[in-house]
Q: 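One structure is given below, represented as structure tokens, and several questions about it will come after.
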Amino acid sequence: MGWYNKRLAKSIWVFHMSASPCNNCDIEILDLLTPKYDIERLGIKLVGSVRHADVILLSGVINQKVAPRVKKIYEQAAKPCFVVGVGTCPSGGCCFNDSYNIVEKREDVIPIDMYIPGCPPKPEAMIEGVAKLIGVLNG
Amino acid sequence: MGLKKLLIDIPALIDSGISAEEIECEYIYHRKNHGAFSLLEIAEFASYCRQCKDAFCVAACPKDALEHLESGVIKRWNMRCVGCKSCVLACPFGTIFPEVINYISANCDFCINQFEADPDFQPLCVKTAPPNTLKIVAMVNEDKKNHVYFCGENVAVKSPSWRMKEERV
Amino acid sequence: MDKKEKFLQKFESKIEKIIDKHERLYFNVKNEDFLEVVNHLINDLGCRLSTATGMETYHHVEVLYHFSHDESGQYFCPRVIMPDKNNPTMNSITQLVIGAEWIEREIHDFWGVNFIGHPRLEPLMIGDHPKGAERKNQFRFKRVEHE
Amino acid sequence: MKPEFVFYLLVFPGLLFTSVLGLLIGWVDRKVTARFTYRVGPPLFQNFNDFFKLLGKETIIVKEGVHSLFIVAPFIAFGVMVLISAIIGTALFYQYDLGADIIVVMYLLMIYSVMIILGGASTGNVYSSVGAGREIKLLLADELAFILICLVPIIKSGYQIKLDSILMAQVTNGAFIGSFSGLIAFIIGILCIQAKMALTPFSIPEAETELVEGPLMEYSGPPLAFWKLNQLMMYVAFPFLLILLFWGGFELIGIGILWAVLKYLSIVVLMIIIKNTNPRIRIDTALHFFWKIATPLAFIAIILAVFGY
Amino acid sequence: MNKNVIPVGPFHPLLEEAEYFTLTVDGETVVDIELDIGWMHRGHEFISEQKTFTQSIFLVERICGICSTSHPLALVHAIEDVDNIEIPERAAYIRTLIGELERIHSHLLWLGLAGHFIGYDTVWMWAWKYREPVLEMFEVISGNRNHYGMMRVGGVSKDVEPAKISELAKNLDMIQTKLEMIAKAVNDDPVLKSRLKGVGVLTKQAAIDFCAVGPTSRASGIPADVRKTDPKDAYGMVDFKVIVLQNGDVYDKLVLRVLETFESIKIVKQCLDKLAENNSPILNDIKEIKPGEGIGRYEAPRGEVFHYVRTDGTNRPIRHKVRAPSYVNIPTFQASCKGIPIADALITLAAVDPCYCCTERSLKFIDINHDPLKYDLLKISREKTESFRRQINGL
Amino acid sequence: MVYNNLLLLIFIPLAAGIINIILPRVIAKLSAVVSLCINFYLIYLVYLGDNAPFAFFDTLILSFSQMGFFSLIFIQLLSFIILFFSLKGVESSIEKMFFILYPLTVAFCNGVVLSNHVFSFLIFWGLSGLTLYLFGLLGKTKEAPKTAKKTFIIIGGSDALLIMGFVIIWLLKGTTSWSIFELKTALDNPASIIALTFLLIAAFAKAGGFPFHTWVPDFALDAPIESAAFLPASLDKLLGIYLLTLMVTILFEIGLLVNMIIISLGTLTVITAVMMAMNQHNGKKLLGYHAVSQVGYMIMGIGSGSALAFAGGLFHLVNHTIYKSDLFLTLGSVEKQTKTAELDNLGGLGKKMPITFVMALIGALSISGIPPFNGFFSKWMIYQGLIEKAALLQPVYQLWLLVCIILAVFGSALTLASFMKFLHAIYLGRRPKIYDDVKEAPINQWLATSALSLLCIGFGIFALRFPLSKIIFPAIESNGIIVPEFLGLYIPQLIVMLFLIGFIVGMGIYLFTKKVRYDEVYLGGSEPLEKFRVAGTEFYNEIRNMKPLKTIYDMAEKKYFDIYEMGSKSTFALSRVLQKGHPGQLQLYILYIIIGLLVFIALI
Ligand code: SF4
Ligand code: SF4
Ligand code: SF4
Ligand code: SF4
Ligand code: SF4
Ligand code: SF4
Ligand code: SF4
Ligand code: SF4
């Protein structure tokens, strides 16, 4: 499916899922779309419905209340669908590890394919992450 | 607490070979609060410390967190200390126990609230510490012969004390 | 602080343990007098409810309300103490301020305080989520069981 | 049925031509939009990539929904779009009517909305349902004005309703856009097709931030690909229709080709500009706009047309 | 009447966060709205009580990233309030500078998102294009685009390099001219005006009843602004106006935010001028916090942020209460969203500029069992540190 | 003389109806079916040319005419299909009465269209109104008797006018012949205009034209649904329009102004009824209003004076009876399964009743005039006729006609809109839990609706080949009207073929690439609770609440436009007398008619 993967790599529609983050990652994700970074030139587009998504950008430590919904949404996505954990939150829990309300193992809730650390990651870092994903897809 | 004092028998504690971390505390306001650490900190600066004039520890502290109080006792300011333990290394006498000098400082309120409700109360630290290392005693005066000294209102320490030896009190 | 003085005079008999430091006035109020004090704060002084803080101490559960007097920057903080830790109960101020609804629901959610007269005393934050509730119970009032 | 009809339908000006041009124009849309906002915009073949990518994705069907309708709807819409573009295209390029006149085209256009509504609502998704409701209201809103403006060329061509006769009338008498009534109708026509294509400010049914793409919310994979393709094909069919009805069609020799491209692009760019300089309006405002402002204006155009202006 | 219910959320593109409303509608008219929160609840208040004050500042910064300096500012105000700690003048100006820059970026962000929500992506792109230089200014000052980590108890942690000040001022002028352009474009747009005027009106009385704060209440005619009523930091020393509008509709909220942005630019300019001439230290390095309680607040872009701390003499609070502006602003939906079409209701929801992240911070539970929480990476790294320590101790 | 096909066509169902009074239920059904089958055979014989007129004491009573034959065919066809539908599922308490009335109605309707003599025409006309009334009485709802009464008063009242109208014509003409076909009158004096008005009212009332339509929606709501499909949706339409056709071709010489007025009335009917339909919350009422609105097109077509539109109008009549019965019957199936026709409570049945759904969908698309279904073809013909007519007129008339055309075209968009709501509310959207074990309709029901749907498609695609060229054009040409060339171009076969090619290409790509998975509905992660649904009935609130429309709707809801409600107040005393005299006995009623006639003749 090399040909197909190349198409996928050139047309990544992202769905943005905030699972108890601090919002900053989300804002920076949106920032990616705006004039300075403009990831539309890489064919990346933000979509509103997870049915259309190829990549789920997950931000935030996942809390107990949102976890089942996160799981559900992932299941509802049309596969192939990748999950990118944006920020320190999904990768390490950031400073929320002491909390009683976050899930202990995020990977049980949603299989994260890639992490972009940083709190929040700089938009450049996110673009690099996306580029890596594209690289992987291109084989 | 009245006349009751919390007595810490440091030699016994050391003999028991049990780490202070294992002594539990029932202070409710912080999770994982090692009340015993704060007791030990009081005890070490009160009894072991030589209270050097040109204290190495003070000089070594990168954050200026240690200070000679007027009484000569060393005081660690918890807003400044970052728990780097330079002072532990610097002290030539090994006075400072590394495990008690933490970034996140602990607190012991001597269970005053519980004593108000129940005079015969036994704090959790007393219950969980090795026998006879921590206990509640009713004392009026220091018992210098047995190396029992008072630090502050609520604590008594049983330990050899440089302060006493050099009669610097 | 003209307003503050007057307030202190008016409620001299009803408030106690007053801590007064630079524009913040903390005081204890009995549950019976609480609504009267709040009514005065809101309707006579024109204060705005900032929020309320619930807290558990060794022997009681307390709720500390924060009323801001916006014109002068003065804070009035009445504190209500409920000695019954297993079933803390106090009057709700939702009749006086609609905005207290969520605040009191949250305190109910976390500290189990029953607000009498609250229109909808349901858990706010994590209550309906089974796992959250389970955890919450694990954490809450451990102290009581321990004794 | 003659064999060349299949060619008309499948290759030029039907399926292949329209979809390729549509996908390219979709790129123009995105690019111009991007330039509008100081961005670079996507690469040229972006929409092709999007389309082929969607083909390879999973199709998710809602369990409780009406499965067959859900699946069939986009393809029916596709068939209709192909048909319409073939009809309009053959009239434009070959001056030949492919079995339909303007009334038929008007009614065929409704099928598209019907399919969006049926497909979206078949899932039982509330957003899709609300979106479907808006879609049909929007159809009602623009339809009235659209009927009126379609009547203008009919009147001006001396009550001809065949597409090629309307075109012929323009070839002999000059494009209708040159007259008052034609101009007014043309302008309103652009607004109507803006609404028919659900572009901002009339992107009400698919309001992304309100209704999560409305009726298309549940679609994924190939059906979604075809929905998107349908939308882009409208970028071809509608401007062509306007050119056919008002702007004298194309003259595909010599400099005429350039003119043809310019005519087409100017309509498209005008639409993109309208799209980018307006917020999405509310459905009742849209109804209000079309029924109380556009329709009387279009009626004035009709009166003018009847009296020969 | 038949009851049609539409859920909005938890993942809905309207807001970038998880939120959940259930709208009961009649046709497209919202007749009732019910809110459900808790999707972002991470237990900040609880975590904060495990951390030192200095750590807490970073923690509360991560309550929310949009106005990520409001919470630290309110927290340091609260801690300083416990012990009456003074801060140096330069620190005061830097704090105000950061706070106001943040207001600029936050209002621009909202303006853009509001445009996005009503399908006007051009406004979104433009507003965010000129938000970018503000973030760059942050980067120059603090090294970070967001989450600046500037606040400390007793002052600030980083100085504004004098050499950079003129550059910053120049940047600011550029932003101002561009903003004037956008503001003009937005204010003159008749379609936008007709779309937003009279939509989602929050009456003055409702604003008072729901204890609304910030732009939400100021657009309804309540002239409350913590910066004026309780001037901390440099707010007493700079000159600015509190913008108050009367109608309480979405359009007024928009205009109010735009006007406030210009006030903020004014303040920032004054701060920069003062910083150029003032050379005091930036941190009053305090030694310890006495037991006691304190209230701190700050006028975040969305309204009053309220922090309450109670201390016991350690370097940790025993109770830390956070009340974010959205917490009181969000319930106003119940007053402003009824009886209007869905499309209007959604923009009204957005007009409050709600951020659930900080609405849903919260609470501590007392736990005597010290049951260890399980974590992954952090735990591993901590274990590693521990083993290093043991090795060093062993040597 | 006894053996006369035309007479038998009336007599056989009549006999079936009468013997059904004593037959047990099952055999009654059988006898009804058999009677209709015999009728088919008779029609075939008639078609072959065995169509001798029937005379009674030298008075020509029944005779064959192309128009009548056209109506006859569709009366039998529709009756048969609806009868087939009704074989199972009619409520048992009314079943007996139902199968008595059913053949009777067929007999009377046949009588109307076969009549040559004015008296027989009037008597059968009146009798068909009576069975309508009796059907109305069978309704189960509380309002049913009231509705039946209302129906009867409007229909009966218009009957009286009809009689007067005929008498006026007869007097004007001054002949001794009572044959309908020999009464052609010029519209040159007030009396003839009055006669025209009276006849128009009668035709409108029967067919349900504005403003005499108000009984239709109420009847649809309250009467048994099979009878709603049977009478107001098909047979009454056929009769009313038959009368209208007679008027414009045989009875009167109509001028342009009258044409324009009739067209305007048609337009008015289209728009008002469809606007009312849009906001209904009950499926039956919605269909009832549409039954009215579609009449508007027929009136426009037939009254326009353009041959093309005339043919279109007749074709539309045929189409309408087909798809409207289809819609009523599918709704009937739904109602039988769910026990309700309230759109608010229904939803998502498309999955449970797929066949019914498809049939309803076809019906809905036909009625909305979506190509290639039959409704489009007839509308298209009407529009063409009108446009063609407009080309020849003065500018002012042109504009007038154009407004009518615009409104008519827009009316079909509105129809589409209200049927989207109808389909959405019943078959799409979310299904309430209580309908989880709803079953597909019984086989006789869906066979009946399928037959109708097939007719919808067949008549749509092969319009020219069969219905138009074989039935409708001959009927028109028998009146001396030549149908001209079509103005526009519409080749349904080609369009459908081309569409299918495109569709198959798309579908092929899908089938080639598909990877299917089934999942729950996606609501942004929230649980799909039962309460999260949009019934769809409030789709058009915005339109309803628009400025000028709101007041009109409010007034309409208060029944300000209901000629009956308004009339019932003013003519209260009269109607009370009428009520007293209406025990529902046939003889009495005939007596009234005769007395009325005598009085009238005496007056003149
Ligand atoms: S250092 Fe930063 S990223 Fe790491 S835990 Fe702390 S706040 Fe989070
Ligand atoms: S930014 Fe600097 S201090 Fe922070 S993690 Fe990176 S290297 Fe370490
Ligand atoms: S990683 Fe940092 S910036 Fe991102 S959501 Fe988590 S706390 Fe916020
Ligand atoms: S006395 Fe009480 S607070 Fe102090 S260490 Fe012992 S148990 Fe803890
Ligand atoms: S701790 Fe050590 S170095 Fe410091 S004063 Fe005491 S003995 Fe001296
Ligand atoms: S551990 Fe604390 S007191 Fe000791 S040297 Fe480090 S900062 Fe200073
Ligand atoms: S403990 Fe390590 S990181 Fe912390 S101050 Fe010391 S050397 Fe630096
Ligand atoms: S008010 Fe809003 S933006 Fe500011 S910190 Fe709180 S959640 Fe974030």
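All values derive from a computational prediction rather than experimental measurement. Residue numbering restarts at 1 for every chain, and letters A, B, ... go by the order of the sequence lines.
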Q: Less than 4.5 Å to any heavy atom of chain D: does that hold for the side chain of F:Ile504, its backbone, both, or neither?
A: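 The answer is neither part of F:Ile504.
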
Q: Which region of F:Ile495, side chain (C-beta onward) or backbone (N, CA, C, O), has a non-hydrogen atom less than 4.5 Å from a non-hydrogen atom of chain D, or is it both or neither?
A: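 Its backbone and side chain both get close to chain D.
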
Q: Write down the atom of D:Val104, the atom of F:Pro371, and the distance for their closest heavy-atom approach.
A: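 Heavy atoms of D:Val104 and F:Pro371 come nearest at O-CG, 4.4 Å.
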
Q: Which one wins on heavy-atom pair count under 4.5 Å against chain F: D:Ile154, D:Ile71, D:Asp101?
A: D:Asp101

Q: Is there a side-chain contact between F:Leu428 and D:Thr123 (heavy atoms, below 4.5 Å)?
A: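 They are not in contact (no side-chain heavy atoms under 4.5 Å apart), so the answer is no.
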
Q: Any non-hydrogen side-chain atom of F:Arg517 less than 4.5 Å from a side-chain atom of D:Ile61?
A: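 They are not in contact (no side-chain heavy atoms under 4.5 Å apart), so the answer is no.
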
Q: Can you check whether D:Ile76 reaches F:Phe499 side chain to side chain, under 4.5 Å on heavy atoms?
A: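 Result yes, sub-4.5 Å side-chain heavy-atom pair found.
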
Q: Of the listed residues (F:Ala391, F:Pro395, F:Pro492, F:Pro354), which shares the most heavy-atom pairs with chain D below a 4.5 Å separation?
A: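 Option with the top pair count is F:Ala391.
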
Q: Please output the residues of residues 288-295 of chain D in contact with chain F, using a heavy-atom cutoff of under 4.5 Å, in numerical order.
A: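 Answer by number: D:His288, D:Trp291, D:Lys292.
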
Q: Quick one: which residue pairs count as a salt bridge (charged side-chain N to carboxylate O under 4.0 Å, His left out) with a foot in residues 139-153 of chain D, not counting sequence neighbours?
A: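 Those involving residues 139-153 of chain D are D:Asp142-D:Lys196, D:Glu143-D:Lys196.
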
Q: With a 4.5 angstrom heavy-atom cut-off, could you sort out which part of D:Met106 is near chain F: side chain, backbone, both or neither?
A: side chain

Q: Do you know which of D:Leu144, D:Leu15, D:Ile155 has the most heavy-atom pairs with chain F at a distance under 4.5 angstrom?
A: D:Leu144

Q: Could you tell me the separation between the CD atom of F:Glu388 and the CD1 atom of D:Ile161, rounded to the nearest 0.5 Å?
A: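 So the CD of F:Glu388 and the CD1 of D:Ile161 are separated by 9.0 Å.
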
Q: Counting heavy-atom pairs under 4.5 Å to chain F, which of D:Leu55, D:Val72, D:Leu139, D:Ile102 comes out on top?
A: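 Of the options given, most contacts go to D:Leu55.
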
Q: Is there a side chain to side chain contact (heavy atoms under 4.5 Å, CB included) between D:Ile103 and F:Val409 once you walk through the steps?
A: CA-CA 9 Å; D:Ile103 299 181; F:Val409 180; over 6 Å; no

Q: What part of D:Glu218 gets within 4.5 angstrom of chain F, counting heavy atoms only: side chain, backbone, both, or neither?
A: side chain

Q: Sequence neighbours excluded, which residues qualify as side-chain hydrogen bond (donor to acceptor under 3.5 Å, both in side chains) partners of D:Ser220?
A: none

Q: When only pairs under 4.5 Å are counted, which of D:Val82, D:Leu163, D:Leu108 shares the most heavy-atom pairs with chain F?
A: D:Leu108

Q: For F:Tyr427, is it the side chain, the backbone, both, or neither that has a heavy atom closer than 4.5 Å to a heavy atom of chain D?
A: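 For F:Tyr427, backbone heavy atoms alone lie under 4.5 Å from chain D.
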
Q: Which answer fits F:Leu407, side chain, backbone, both or neither, if we ask what part of it has an atom under 4.5 Å from a heavy atom of chain D?
A: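 For F:Leu407, there is no contact with chain D at all, as no heavy atom is under 4.5 Å.
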
Q: Would you tell me whether F:Gln398 and D:Tyr159 have side-chain atoms, one donor and one acceptor, within less than 3.5 Å of each other?
A: yes

Q: In the structure I gave you, are the side-chain heavy atoms of D:Val306 and F:Val396 within less than 4.5 Å of one another anywhere?
A: no

Q: Name the option with the most non-hydrogen atom pairs under 4.5 Å to chain D; the candidates are F:Trp380, F:Phe419, F:Phe357.
A: F:Trp380

Q: So for D:Leu229, is it side chain, backbone, both, or neither that comes closer than 4.5 Å to the heavy atoms of chain F?
A: neither

Q: Decide whether D:Tyr107 and F:Ser412 meet the rule of one side-chain donor and one side-chain acceptor closer than 3.5 Å.
A: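 Yes - a donor-acceptor pair under 3.5 Å links their side chains.
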
Q: Counting heavy-atom pairs under 4.5 Å with chain D, which one of F:Phe512, F:Phe376, F:Tyr383, F:Tyr490 comes out on top?
A: F:Phe376

Q: Is the shortest side-chain heavy-atom distance between F:Met507 and D:Phe78 below 4.5 Å?
A: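 Side-chain contact under 4.5 Å: no.
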
Q: Relative to chain D, which segment of F:Leu365 carries a heavy atom at a distance below 4.5 Å: side chain, backbone, both, or neither?
A: side chain

Q: Out of F:Ile370, F:Leu399, F:Val403, F:Leu414, return the one with the most heavy atom pairs under 4.5 angstrom to chain D.
A: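 Of F:Ile370, F:Leu399, F:Val403, F:Leu414, F:Leu399 has the most heavy-atom pairs under 4.5 Å with chain D.
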
Q: Please output the residues of residues 83-91 of chain D in contact with chain F, using a heavy-atom cutoff of under 4.5 Å, in numerical order.
A: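 If one takes a 4.5 Å heavy-atom cut-off, the residues of residues 83-91 of chain D near chain F are D:Leu83, D:Ile87.
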
Q: Ring centroid separation for D:Phe226 and F:Tyr510, is it under 6.0 angstrom?
A: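 Centroid distance D:Phe226-F:Tyr510: not below 6.0 Å, so no.
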
Q: Can you tell if the side chain of F:Leu416 reaches within under 4.5 Å of the side chain of D:Leu140, non-hydrogen atoms only?
A: no

Q: Using heavy-atom distances under 4.5 Å, tell me whether F:Phe410 contacts chain D through its side chain, its backbone, both, or neither.
A: both

Q: Among the options F:Leu423, F:Val505, F:Leu402, pick out the one with the most heavy-atom pairs lying under 4.5 Å from chain D.
A: F:Leu402

Q: D:Ile117 versus F:His424: any side-chain heavy-atom pair under 4.5 Å?
A: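 A side-chain contact is absent here, since even the closest heavy-atom pair is not under 4.5 Å.
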
Q: Is D:Phe299 in contact with chain F via its backbone, its side chain, both, or neither, using a 4.5 Å heavy-atom distance?
A: side chain

